[in-house]
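Throughout, a chain's letter reflects where its sequence line sits, starting with A, and its residues are numbered from 1.
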Number of protein chains: 2
Amino acid sequence: MAATIRDVARASGVHVSTVSRTFSAPHLVNPETRNRVLAIAEDLGYRPNRAARALTTGRTHNLGLIVADISNPFFPPLIKAAQAHARLRDYHVFVADTDEDPQVEEELIQTLTKQVDGVLLCSPRLSNRAIEKLGEDVPFVVVNRRLKGMSTVLMDVGNGARLAIEHLMTLGHRRIALLAGPAGSWTSREMSDAARAMDGIELSILGPNSPTEHGGLAAADAVLAADVTAVLAYNDLMAIGLVEGLDERGVEVPGRISVVGVDDIVPGRLTRPKLTTVAMPTEAAGRTAVDLLLQLVGAGETATPALATLATHLIIRDSTGPVPP
Amino acid sequence: MAATIRDVARASGVHVSTVSRTFSAPHLVNPETRNRVLAIAEDLGYRPNRAARALTTGRTHNLGLIVADISNPFFPPLIKAAQAHARLRDYHVFVADTDEDPQVEEELIQTLTKQVDGVLLCSPRLSNRAIEKLGEDVPFVVVNRRLKGMSTVLMDVGNGARLAIEHLMTLGHRRIALLAGPAGSWTSREMSDAARAMDGIELSILGPNSPTEHGGLAAADAVLAADVTAVLAYNDLMAIGLVEGLDERGVEVPGRISVVGVDDIVPGRLTRPKLTTVAMPTEAAGRTAVDLLLQLVGAGETATPALATLATHLIIRDSTGPVPP
DNA sequence: ATGAAAGCGCTAACAA
DNA sequence: TTGTTAGCGCTTTCAT
């Protein structure tokens, strides 16, 4: 069995409360005593038990991170960044995957609640109502969904869409299709709102589509039928699938149709042609979300929700080119 | 504040121990009482506090999962599978990324130890000695590294290499290069051992190399210098980089050189040519590792380490073809 | 600066 | 079947 605070107390001839103070309020203990205790603790390999500590302090020093699908390449950089950022602040993080299932999401949040100081909800599938309800039990930060009264991290995909379309217009494109994402996706809605607001183009909105390679592949015919010269896809996976589908039908990218994706996932720069894309600040989102969450946690009852909107930017690669004559 | 066991006890007019039993040993309590307690608990939104429970039972129902790099596409499927499998067994999982730093790895394990029943170590960078030492405090399962006396999950990459080379030989290739991984990688060593043991080929071992796209790109010249007609790369990322490097030099894949990767990551089937690869059973590894770990946890002191070796298989796609005339 | 004592939420003998 | 009691490892008043 690992050493407890009592072992250390006994070995150093002081009371447990002194050992406790040595770790949680060092300035309250005589330097001499402190050093002795520290040395003995080191010797015994003592580490404070965080769970036990949490019982009295109410702070677990754990965070929950809930995502829809870990294996979607969009998430790992976010998870990595959030986790690294949390570690610097002495927090551990539970990662849970809901498999896109709202039921699982809810269950997970409930069982996690007691063990964490706060939860990071990424692209939640739960209803607003449900989220607000759960928010009474534990501080939340929501990523990629707008929720009144809750701390939120948004990526400015609306502006990203704008940049992408401007880029296409510069290349001479006027007939442009937007390959929408899943129904009810906040991101997808943002994109179409932004696109619709732009002057000088003829916009076809195609969808909803599954946000996967297959979704893009399946949309190839619809894209051809729409008679456009350029496409902005909901995400890179779909864009890649679309390029594949067009290729199968003998349509060259960007020769005959230009394609832009969103996310800037790794595969996007590995495929050929390399994908032009709207880069999402996933790492920054992870860090920011942790910051906001820890802010909430620190504030306690007086917590006031914050909104962070992170900039996106366009990465021009090889899947976009001048409009064909 | 969320409801505690005491609130439920008070509201249902029974003692806390009865409430406790209702949840942890339902058969010991009168059905009538049980239902009443359950109803009231439900009403109050009571959920047992796992951390508090852990204090007395010694079981946290948490697992630690430590990986070298979450954003390496190899890991997410493993994490996802492990996490899902753990959830079914009512376990939560802490995920931590060491950023390939042994120091961080050790620190992480130490701080996590008290909060988990066991730790999953994936492709550890720590020395064997250090791991064995830490293993005294908490049950471990090691993935992708052979460690005597510890439960281990291995993927049979040796056989995978064999399959890949046989495939190449069938296509007529005789001069084959092995693009090695990082120095000291168990996987890399397995591959070269297997390759060396094969008859009828002229093998060049090139490396060590960084296990990244860039590592493959940088190895393109060495491959050309080796005058081979086929290459087996340490992983898909390197294979993809190599294809890119060869392409830049005007060398066609598979026209002039065939390339095989290892891992079967998503980008591999998105690039062109689609990558022939040795598929690693990452999901199965995640599940198996959790099983072995839970087995250890359940066994307590009498625990006996197990070794699971998971089969790999070859996926033939477009980056391999007949040897050029 | 340190010790004594109570208590966090829960479980686990032991009685009754 | 249920209640009583002690205690898990730690923090936190309150004394001293």
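One interatomic measurement links the two molecules: CG of N49(A) to C1' of dC8(D), which rounds to 9 Å at whole-angstrom precision. dC8(C) atom C1' lies 16 Å from atom CZ of R53(B), rounded to whole Å. One atom, CZ of R10(A), and another, C1' of dG9(D), lie 13 Å apart when rounded to the nearest Å. Note: NE2 (H15(A)) to C1' (dT12(D)) measures 12 Å, nearest angstrom. What separates CD1 of I5(A) from C1' of dG3(C) is a distance of 13 Å, to the nearest Å. To the nearest angstrom, C1' of dC10(D) lies 16 Å from CZ of R59(A). In this structure, the CG atom of L28(B) is 12 Å from the P atom of dA13(C), given to the nearest Å.
Proximity of T18(A) to the phosphate of dG3(C): a side-chain N or O atom is located under 4.0 Å from OP1 or OP2. Listed pair S20(A) / dT11(D) meets the phosphate criterion, a side-chain N or O lying under 4.0 Å from OP1 or OP2. Contact annotation: T56(A) side-chain N/O to dT12(D) OP1/OP2 distance is not under 4.0 Å. Side-chain nitrogen and oxygen atoms of R6(B) include at least one within less than 4.0 Å of the OP1 or OP2 phosphate oxygen of dC8(C).
Judged by distance alone, the side chains of D137(A) and T113(A) never bring a donor and an acceptor atom under 3.5 Å apart.
Checked against dC10(D), dG9(D), dT11(C), the side chain of L55(B) finds its nearest nucleotide in dG9(D). In this structure, the nucleotide among dA1(C), dC10(C), dT2(D) sitting nearest to the side chain of T33(A) is dA1(C).
The base of dG9(D) is not paired with the side chain of R50(A) by any donor and acceptor separated by under 3.5 Å.
L307(A) places none of its side-chain heavy atoms less than 4.5 Å from the side chain of S151(A). You'll find the side chain of D90(A) reaches within 4.5 Å of the side chain of R50(A), heavy atoms only. Proximity of H92(B) to L112(A): side-chain heavy atoms (C-beta onward) are separated by under 4.5 Å at one or more points.
The nearest heavy atom of DNA chain C to R47(B) and to R21(B) marks one nucleotide each, and the one closer to the 5' end goes with R47(B).
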